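In this text the structure is predicted, and so the values were computed from the model without any measurement. A, B, ... follow the sequence lines: proteins, then strands. Residue 1 opens every chain.
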Amino acid sequence: MNEYLFEVENLNVEIDSSHILKNVAFSSKSGSIICVTGVSGIGKSTLLKTIGQILKASSGHISLNGKKLDNRALNIGYVPQDHGLYSWLKVKGNIVLPCKIKKIQTDQTHYLEIVNKLGISNITNRYPANLSGGEKQRVSLARGMILNPDILLMDEAFSSLDTFSKLAAYELFLSLHKKFKPTTLLITHDLDEAIYLADTIVILTHDKCLQFDNIAKGLKKSENNYEYFYNQISSLIKGENINEKLY
Amino acid sequence: MKNCIKICASAILILLSWHFSSIMISKNMLPAPYPVIKNTVINFSGDLSIHCLYSLKRIFLGITLAASIAWPLGIVLGYFKKLDNLISPIIYILYPVPKIAFLPIFMLLFGLGDVTKIAMIFVIIFFQILVNTRDAVRVINPSLFFPLKVLGASTPQLFIHIVAPYSLPVLVSSIRIALGTGIAVLFFSETFGSQYGLGYYIMDSMMRIDYIGMFSGILILSILGLILFTLTEYTEKKLTNK
């Protein structure tokens, strides 16, 4: 148990007397990428909002490095599906806003490193309305990373991008993650995306929460494994019985 | 630039219509534009500008007072639904009442001075800003708050960084919409117990059968309205077209 430092234990969430999440439990090493997937309406976004403390859990426990999650004590970054940029602020204003919320000075070196890595240093004086979808996505990611977050929450962050922008965004995200190592929870409908990015995949079903670890290393080595894994997860989501222990 | 050309073209069209109407009617009560414009230019350096400043002061104070109360109140009501449920019935009762009906009440309460006139502009613009701001804040997409809420942002921080800037264009657009009615009511209220203001100037000129002076007042009032309307429209565009 000690090797897993990000833990969600028996998490239950009720909204208007409706049980949205039932006994959700998973854990992973801090600094890993956890992709949460499952069919629509299963509660993936609810899980993300609960971890981000936007919603309150009815019961259960979320902890990082043995300490209960507290968004005032920790830095949590959030990258929404629709970019969530503020139209009245320029790109730079959007990126550094989390620093204002936390009432801290923006670390200029860190800021420059992020905007340079994401290739948005030339658009920091523009308003979001004048950006392309890919640029908005990168700005949103920069805002999520500006505080060097302990936890990065991404709610279908790549889903609005076209295939080419998506592949570029994956690489940018992975390079940023490699450098700053935030524990990342990525909600996705896209199994390819989950398998490509994740260290751990969490699948939410109506009555279960299944976890598969060490994904990236195992899958990148062999295409056959990739297909096998993809089929196994697809079957599981469709409700077929499979052996949960895949590796 | 295009807008400027459009406004100039419209002004020329209005002046031409006015000119031909005055020729057709051929009575003192409808003077031609040229003597009116000439009289306006001559008198503006004199008492006409003082009347204009009085009206402008009343409009400015009325708008500022209304905006500084109605905008934050609209934000709070739009954000806190339970509070809105409590206050809304009062707004629904007062909002449809023709605001001109408040004039005798204000005259009795505040007398015939500036306060009554400012209060009239205040009530007209107040409800427009309050209702529009509240409605705009109500429909803010909740996901807009998430990037800041995960950081533990407090409610005042959400107000300052999201709700206020989001609803700022609504504030300006409400002022723009209410401005026309505000100026009309100001004109009306300045005809009672005033010695300064464009409403007084116009009515006083009419009583003295100085129709050129009367039209000069109307011309200045129209220009004042146009300037204020253009200013608010420009500000609104600047705030929304980013």
**Asked** What do you reckon, is NZ of Lys181(A) surrounded by more than 12 foreign heavy atoms closer than 6.0 Å?
**Response** yes
**Asked** What part of Leu74(A) lies closer than 4.5 angstrom to a heavy atom of chain B: side chain, backbone, both or neither?
**Response** neither
**Item:** Region of Arg126(A) in contact with chain B, defined by heavy-atom distances below 4.5 Å
**Value:** neither
**Asked** If you check every heavy atom in residues 142-162 of chain B against those of chain A, which residues fall under 4.5 Å?
**Response** Ser143(B), Leu144(B), Phe146(B), Pro147(B), Leu148(B), Lys149(B), Val150(B), Leu151(B), Gly152(B), Ala153(B), Gln157(B), His161(B), Ile162(B)
**Asked** Contact part of Leu153(A) toward chain B, heavy-atom cut-off under 4.5 Å: side chain, backbone, both or neither?
**Response** side chain
**Prompt:** Around Phe192(B), counting heavy atoms of other residues, nucleotides and ligands shown, do more than 12 lie under 6.0 Å from its CZ?
**Reply:** yes
**Fill in**
Under a 4.5 Å heavy-atom criterion, the part of residues 164-188 of chain B in contact with chain A comprises Pro165(B), Tyr166(B)
Below 3.5 Å, can you tabulate the donor-acceptor pairs from side chains in residues 80-90 of chain B to any protein atom, sequence neighbours excluded?
| from | atom 1 | to | atom 2 | distance (Å) |
| --- | --- | --- | --- | --- |
| Asp84(B) | OD1 | Ser88(B) | OG | 2.9 |
| Asp84(B) | OD1 | Arg134(B) | NH1 | 3.3 |
| Asp84(B) | OD2 | Arg138(B) | NE | 3.3 |
| Asp84(B) | OD2 | Arg138(B) | NH2 | 2.6 |
| Asn85(B) | ND2 | Lys81(B) | O | 3.4 |
| Ser88(B) | OG | Asp84(B) | O | 2.9 |
| Ser88(B) | OG | Arg134(B) | NH1 | 2.8 |

**Message:** Can you tell me which portion of Asp70(A) sits under 4.5 Å from chain B's heavy atoms? Options are side chain, backbone, both or neither.
**Reply:** neither
**Message:** Given heavy-atom pairs under 4.5 angstrom as the criterion, report whether the side chain, backbone, both or neither of Ile54(A) touches chain B.
**Reply:** side chain
**Item:** Contacts of type salt bridge (Lys or Arg N to Asp or Glu O under 4.0 Å), residue Lys102(A), not counting sequence neighbours
**Value:** none
**Winner by heavy-atom pair count (cut-off under 4.5 Å) against chain B, out of Val79(A), Leu97(A), Asn75(A)** = Leu97(A)
**Per-residue contact mode, Lys49(A) against chain B (heavy atom under 4.5 angstrom)** = side chain
**Request:** Please check if atom CD in Gln108(A) has more than 12 non-hydrogen atoms from other residues, nucleotides or ligands closer than 6.0 Å.
**Result:** yes
**Message:** Tell me whether the count of non-hydrogen atoms from other residues, nucleotides or ligands lying under 6.0 Å of OH in Tyr95(B) goes above 12.
**Reply:** yes
